[in-house]
Structure formats: structure tokens, C-alpha cells
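Below is one structure, written out as C-alpha cells; the observations come after it.
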Amino acid sequence: RLTVSLSWRWWRKVMEITVQKLTEHVLELIRLAATSLPPDVEKKLRESVQREAEGSAAQGALQTILQNVALSREKSTPICQDTGTPIFYVYHPEGVSTRALKKRICAAVAWATELNYLRPNAVDSLTGENSGNNIGGEHYPYIHFEEVDSDDLMVDLMLKGGGCENVGAQYKLPDGRIGAARDLEGVRRAALDAVHEAQGRGCAPGVLGIAVGGDRGSSFVASKEVLFRKLDEYNPDADLAEMEARITAEANQMGVGPMGFGGNTTVLDAKMTAMHRLPASYFVTVSYMCWAFRRRRMVVNGDEATYE
């Protein structure tokens, strides 16, 4: 009993230190997400430059994007003027207070806004008033908590801009308008229709997060969650991996191109997930992420944090 008691006291002390330090750690996570594009995304953009015709508007747009990426990283300034909705996924050890974590995360978001890593984006839908610090009610920023079997605290952050969010879409299959039945071929048709409808408005080249099944709400959530996968990761489901590659290739044959200027690079990748559903429903939800694919991960062990 004494050993258990001492162990618990030690653990509580460690977590108290972590929570106290957490605001600074999350601030750095936000800074990195807002100002430094992840390596896997930048790699895809650089590869795309080589696929565009020399001197074309598409190639010029991609080169300008990459110049912006380098300058933002060097100057530690936001990659895009729309710094997006902060979406946090927090994976915490047993016994950690999620209320304390939320308090620290919100404090870091407000601090990041004050330092101009984030633009004030939280607007009251009824009054039109901006909170000024990116804190708004229970759902802004969006924070999802999940308890895990680990001594580490892991936080994934995505900053999702309004332009790409606006061109997301949900389909209820079958859909006669696009000839989509309740199968993977129907899913393919829905995803490509979403890309066609978006044109350049989602700040192409983008990344597609595609969720199949669930209900309307869970399908939207899952379509964003799958965007946390790195672009060089393969789907463990062979059928979905094959469909991801096919959707990416066929979307790039549409000729929409970077920022809608035409060309060979309309999307950088597609990520898919499938969920159980009710027999009466077959939803396909497409979340579109712009080229400014701002996501980062932080792992906190004790009082130290590492970032990737």
C-alpha cells in the first residue's frame, strides 16, 4: 500500500509540473503548425513542381507557394493569412484532468493570438462579434480528448482554413446525379465530384480526407481525423489504399491545377477511412485540406516536449 501511495504521489507531482508547463509547450506547437509546413507536405509540393510544364502558370503558382513556405518558416510568420480553426486531438494518460488540459490549451491559443501566430477567427454566429483571442464557447477551439495506455501526453494539432472547409461535401448514396451506387465505385464518383465542384476555391493542390459510412456527424469528424495521417503513409486496408491512389490520379487529370490555374496537380493525396453504418444510410464525406496543410504533433514526457 505504501509503495502504491508513493507511486501515485510521484505521478501526481509529475503531472502537476507538466500541466503548469503545458501552456508554453502548446504555444510552441501552435507556432510550428502555423509557420512551418510539415516535411511530408513540402516534399509533395516540390515533387509537383517537376510535373508541371516549364514556365506554366501552374508551375509558377507552386514555386510561389514554396517561396512563401520558406519565408514563413524563416520569419516565423503564418503561412496563410487565414490561420484556420484550431483542431486539437489530445491523447492523455489515465488520471489526467481534461479540464486542466483544456484550460492550458485555451490559454496557449489566446497567447498565440496575441503574438500573431493566429489571426483572431472566433466570431459569434448570432452577434457577429469577434472574441479577439480565438476562444469562443465550448467548441472553439475544437478539442478532442482520448485516454490512452501511455505515460506520455500526445497532442495533434491541425489548423484548417475557411476556404478549404467551405468546399467540403457530404453525399448520401445512392446519388443518381453523379451515378453513384453504394459501393467503392460510388465513393470514387462522389470524391471526384467534390474535387470538380471545388475547382480552385479550396486553394489547390489540396488533400482529400474521405470517410465512408457512419452517421452524418461521425462521418464529418472521421473525414477530418484521417487528415492527420502523413502523406507518405499507406492505408493498411488494401482496397482503400488502391482507391486512394486512383482518386488522386484521376483528380489530377481534371486540369484544375494549382489555385485553379490549370495543370497536372489538383490534389496531393487522398486519405480514406470506412466505418460501420445503419442499413438505411450510406454517407460519403469529403473534407478538403488546402496546400497550406498545417498540422503538427507534440509529445510531452515529464517536463519535456518534442515536436514533429
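Everything numeric here is computed off the predicted structure, so don't read it as measured data.
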With sequence neighbours excluded, tell me which residues meet side chain to side chain contact (heavy atoms under 4.5 Å, CB included) with T64. none
Using side chain to side chain donor-acceptor pair (under 3.5 Å) as the criterion, list what pairs up with R51, not counting sequence neighbours. S48
Apply side chain to side chain contact (heavy atoms under 4.5 Å, CB included) to A194 and list each qualifying residue two or more places apart in sequence or on a separate chain. A169, Y171, V286
Run the side chain to side chain contact (heavy atoms under 4.5 Å, CB included) test against P120 and tell me which residues pass, sequence neighbours left out. T113, N130
Residues joined to Y234 in its hydrophobic cluster, side chain to side chain under 4.5 Å directly or through other members, sorted by chain and number, are none
Quick one: list whatever passes side chain to side chain donor-acceptor pair (under 3.5 Å) with N166, sequence neighbours left out. none
Return the set of residues passing side chain to side chain donor-acceptor pair (under 3.5 Å) with E28 (not counting sequence neighbours), or none when no residue passes. R31
With a 3.5 Å cut-off and sequence neighbours excluded, list the donor-acceptor pairs that the side chains of residues 238-251 form with protein atoms.
from : atom 1 : to   : atom 2 : distance (Å)
E244 : OE2    : R229 : NH1    : 3.1
E244 : OE2    : N235 : ND2    : 2.9
E244 : OE2    : M272 : N      : 2.7
R246 : NE     : E250 : OE2    : 2.8
T248 : OG1    : E244 : O      : 2.9
T248 : OG1    : A270 : N      : 3.2
E250 : OE1    : R188 : NH1    : 2.4

Could you list the residues that satisfy ring-ring contact (aromatic ring centres under 6.0 Å, His included) with Y89, not counting sequence neighbours? H144, F228
Among all residues two or more places apart in sequence or in another chain, which pass the side chain to side chain contact (heavy atoms under 4.5 Å, CB included) test with C106? K102, I135, P141, I143
Side-chain cluster (under 4.5 Å, hydrophobic types only) that L71 belongs to, other residues: none
For D215, which residues count as a side chain to side chain donor-acceptor pair (under 3.5 Å) partner, sequence neighbours excluded? S218
Main-chain N/O of E129 paired with D124 side-chain donor or acceptor, under 3.5 Å: no
